[in-house]
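Report on the structure given below.
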Amino acid sequence: MLASCSHPSLLQLSLPPKPPQLQLYSHSPPLLSFKTVSCINSSFQAPSQRAPSSTSTSSYNHMIQSLCKQGNLKQALQLLPLEPKPTQRTYEALILACTHRNARPYGPIVHHHLIENGFDQDPFLSTKLIDMYSQFGSLDNARDVFDKTHVKTIFVWNALLKALALADAAEEALSLFHEMGGAGVPPDSFTYSHALKACIASSSRPSLAFDRVRQIHGHIYRHGFGSTIYVATTLVDCYAKLGSVLYSRRVFDGMLARNVVSWSAMIACYAKNERPLDALELFREMMLRDPDAIPNAVTMVSVLQACAGLAALGQGRLVHAYVLRRGLDSIITVVNALIAMYAKCGSLETARRVFDGMIGRRDVVSWNSMISGYGIYGFGGRAIRVFEAMIGSGISPSPITFVSVLGACSHAGLVKEGKRLFESMALVHGVAPRSEHYACMVDLLGRAGRLDEAARIIEGMRIEPGPTVWGSLLGACRIHGRAELAERACARLFELEPMNAGNYVLLADIYADAGMWEEVSRVKRLLESRGLQKMPGCSWIEVKKKMHSFVSVDEMNPQVEQLQALLARLVKDMKDKGYVPNTKVVLYDLDQEEKERILLGHSEKLALAFGLINSGHGEVIRITKNLRLCEDCHSVTKFVSKFAKREILVRDVNRFHHFKDGVCSCLDYW
DNA sequence: CTAGGGTTAG
């Protein structure tokens with residue numbers, strides 16, 4: 001049968017043609033009766049003898065198109081005749097079908113076939129081909145189609161621009177954008193969207209990306225595309241990705257019309273840039289002011305992320321209820337965000353319940369969320385067991401899986417296990433260690449006090465150590481008081497990320513701890529000279545679904561005096577029971593009494609006192625802090641958990657501390 | 001006939 005088909009490229013398939021099955025039409029109303037199908041089948045044996053008629057041509061094409069839609073490319077190609085000529089629509093269907101999984105090898109065959117049939121100058125099909133090759137990652141082929149298409153419609157330009165932007169080929173994309181202007185093709189909203197995306201992919205240098213976005217932004221503004229909903233939304237997103245909440249908001253505010261996507265982009269901007277409160281506030285505003293903008297899965301993912309950032313369990317539960325009401329719990333990304341939200345809001349059991357409820361439809365992100373969930377509670381062993389269950393269920397780990405499971409080992413002090421996992425990464429799982437993974441190892445060894453081993457790991461790296469690696473080393477130096485090694489880490493860090501205030505603060509802390517006060521002021525001057533400042537310590541607590549936040553030595557809060565009085569009483573009591581204020585953590589050159597007074601003003605202590613006053617006795621007190629939990633506050637909380645008989649859960653930047661009966665779940669290792 | 005927002009880590 002195949003022999004009668006004269007097209008050479010089809011012969012390569014050398015597959016016995018199966019007659020089309022009736023079941024093909026089970027999903028949609030039948031286009032053709034079975035009779036027609038067999039008629040096509042017999043005429044297929046000798047296409048040249050069949051008298052072409054308009055009905056059979058369209059039947060042919062319908063047939064092929066519907067096979068394509070079902071992903072049955074093999075059969076579609078076997079049916080593809082030279083006469084009657086396939087139409088543009090047929091080729092479109094074929095090209096689209098090639099982008100489905102396992103169909104890639106057919107791509108060039110289809111391409112060749114359409115050239116033979118004189119469709120190589122069809123700009124519409126060129127667009128589709130460029131798209132196809134872009135999805136295959138073969139930019140050269142995409143570029144080739146572009147070059148050979150003489151009449152370049154704007155679609156053709158945009159398709160290549162999109163392909164380049166998607167492939168992170170920023171330079172090429174932007175030069176194509178400018179080429180368009182030269183060729184007299186005025187950009188449309190698609191052009192701008194893709195060009196903006198290309199700027200983001202731009203480089204590892206954010207300032208360059210930012211300048212480029214601003215440049216295109218100016219272009220957009222001058223050409224009157226500033227209020228186009230698509231373009232403006234892309235702008236909001238681009239500025240968000242570059243960390244510029246201000247610019248995002250400015251564009252968002254300037255929009256004449258908005259839809260759910262524009263709202264979602266702005267909400268995501270806040271959620272991603274550490275402004276969870278603003279994210280929730282904007283979500284509320286959207287619900288109240290724009291009844292046409294119905295939140296969807298993407299919106300809810302960002303909202304859940306914001307709840308997680310705030311550790312707002314009450315809010316998170318309300319959002320969960322809304323998700324259920326809207327039936328959005330069938331969307332896997334939403335469920336994954338729910339797992340992360342519950343874990344980060346201090347309800348690991350609920351996270352696990354949600355995770356258990358999605359058995360059979362978990363993806364790699366679901367597993368990663370659960371692993372990191374156990375990790376931040378210090379349950380290293382359980383995290384490793386979940387990791388092993390994941391492997392057992394046939395899911396391939398991603399680079400993030402290893403960041404999560406190595407991080408879990410690090411929090412739990414599981415050095416041996418972490419080393420074993422790290423070694424298995426490339427060897428067993430085929431995941432090449434990246435800078436982040438080395439950072440995990442440095443953190444793991446560094447926390448455990450094995451700093452020299454950590455430094456040797458960095459020296460032995462075959463890739464360039466990124467800022468996270470040096471940052472981990474610096475963090476370990478802070479814990480173990482290693483000023484000289486910290487200086488070495490900072491030498492690189494101040495080069496790699498000069499605007500990260502945290503590094504300067506850590507170094508100053510290390511010097512202060514060692515009593516090197518001249519160095520302390522030198523680093524502080526350096527910090528200020530770069531226009532940076534120390535991030536103030538801030539803690540918050542949710543009481544009756546309302547957030548209360550405290551900044552260290554917060555005089556603006558009317559309740560602060562009452563809170564400090566309570567703390568003073570507590571501390572007096574505790575001193576009788578053996579508590580010694582850890583004034584070492586106060587890194588100022590002051591006398592003992594002053595230092596003790598400062599200790600009482602720490603935000604996490606204020607939040608703790610507030611929680612003691614305003615919550616019922618059986619309730620767990622849940623506090624969140626923006627920085628690492630202070631050592632003195634840690635021991636005070638242990639005392640309180642014992643003598644006030646309260647369970648206290650504190651989330652700091654890195655992990656959870658669960659205080660109960662005078663013991664913390666971190667076993668003083670954090 | 002193309003297109004804009006999203007989950008996990010640090």
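Sequence lines set the chain letters: A, B, ... in the order given, protein chains first and strands last, and positions in each chain run from 1. Worth knowing before you read on, the calculation uses all heavy atoms, side chains too, and leaves out hydrogens, waters and symmetry mates.
A:Glu92 comes within contact range of no nucleotide atom at all, as no heavy-atom separation falls under 4.0 Å. A:Asp122 comes within 4.0 angstrom of nothing in the nucleic acid, heavy atoms only. A:Ser398 comes within contact range of no nucleotide atom at all, as no heavy-atom separation falls under 4.0 Å. Here A:Thr234 lies in heavy-atom contact (under 4.0 Å) with sugar-phosphate atoms only. Residue contacts shown for A:Ala340 are limited to sugar-phosphate atoms, with no base heavy atom under 4.0 Å away. No engagement by A:Leu406 is indicated, since no non-hydrogen atom pair under 4.0 Å with the nucleic acid exists. A:Thr468 comes within contact range of no nucleotide atom at all, as no heavy-atom separation falls under 4.0 Å. No contact: A:Asp131 has no heavy atom under 4.0 Å from any strand. Within 4.0 Å of A:Ser404, counting heavy atoms only, lie sugar-phosphate atoms of the nucleic acid but no base atom.
Regarding A:Leu129, its CG atom lies at a distance of 16 Å from the P atom of B:dT2, rounded to whole Å. A:Leu196 places its CG atom 16 Å from the P atom of B:dA3, with the value rounded to the nearest Å. In this structure, A:Tyr377 atom OH and B:dA9 atom C1' are separated by 16 Å, rounded to whole Å. Summarising the geometry, the separation between CD1 on A:Ile200 and P on B:dG5 is reported as 10 Å, rounded to the nearest angstrom.
Here A:Trp367 and A:Phe387 keep their ring centres 6.0 angstrom or further from each other. For A:His111 and A:Tyr133, the gap between ring centers is short of 6.0 Å. Proximity of the aromatic rings of A:His411 and A:Phe379 is defined here by a centroid distance below 6.0 angstrom, and this criterion is not met. Between A:Tyr438 and A:Phe422, the ring center distance clears the sub-6.0 Å criterion. Ring pair A:Tyr192/A:His219: centre-to-centre distance below 6.0 Å. Under the 6.0 Å cut-off for aromatic ring centres, A:Phe155 and A:Phe190 do not qualify, their centroids lying 6.0 Å or more apart.
Classified by interplanar angle (parallel below 30°, tilted 30° to 60°, perpendicular above 60°), the ring pair A:Phe283/A:Tyr322 is perpendicular.
Remark: A:Lys128 is not in phosphate contact with B:dT2, judged by side-chain N or O atoms under 4.0 Å from OP1 or OP2. OP1 or OP2 of B:dG5 lies within a sub-4.0 Å distance of a side-chain N or O belonging to A:Lys197. Between A:Ser372 and B:dA9 there is a side-chain polar atom (N or O) within less than 4.0 angstrom of OP1 or OP2.
Near DNA chain B, defined here as any heavy-atom distance below 4.0 Å, the residues from residues 341-354 of chain A are A:Lys344, listed numerically.
In this structure, A:Phe155 forms no aromatic stack with the base of B:dT2, since the conditions of centre separation below 5.5 Å and plane angle below 30° are not both met. Under the stacking criterion of a centre-to-centre distance below 5.5 angstrom and an interplanar angle below 30°, A:Trp263 is not stacked against the six-membered ring of B:dG5.
When atom types are taken as modelled, the side chain of A:Ser369 and the backbone of A:Val365 share a donor-acceptor pair closer than 3.5 angstrom.
For a distance-only test at 3.5 Å, the side chain of A:Asn296 qualifies as a donor-acceptor partner of the base of B:dG5.
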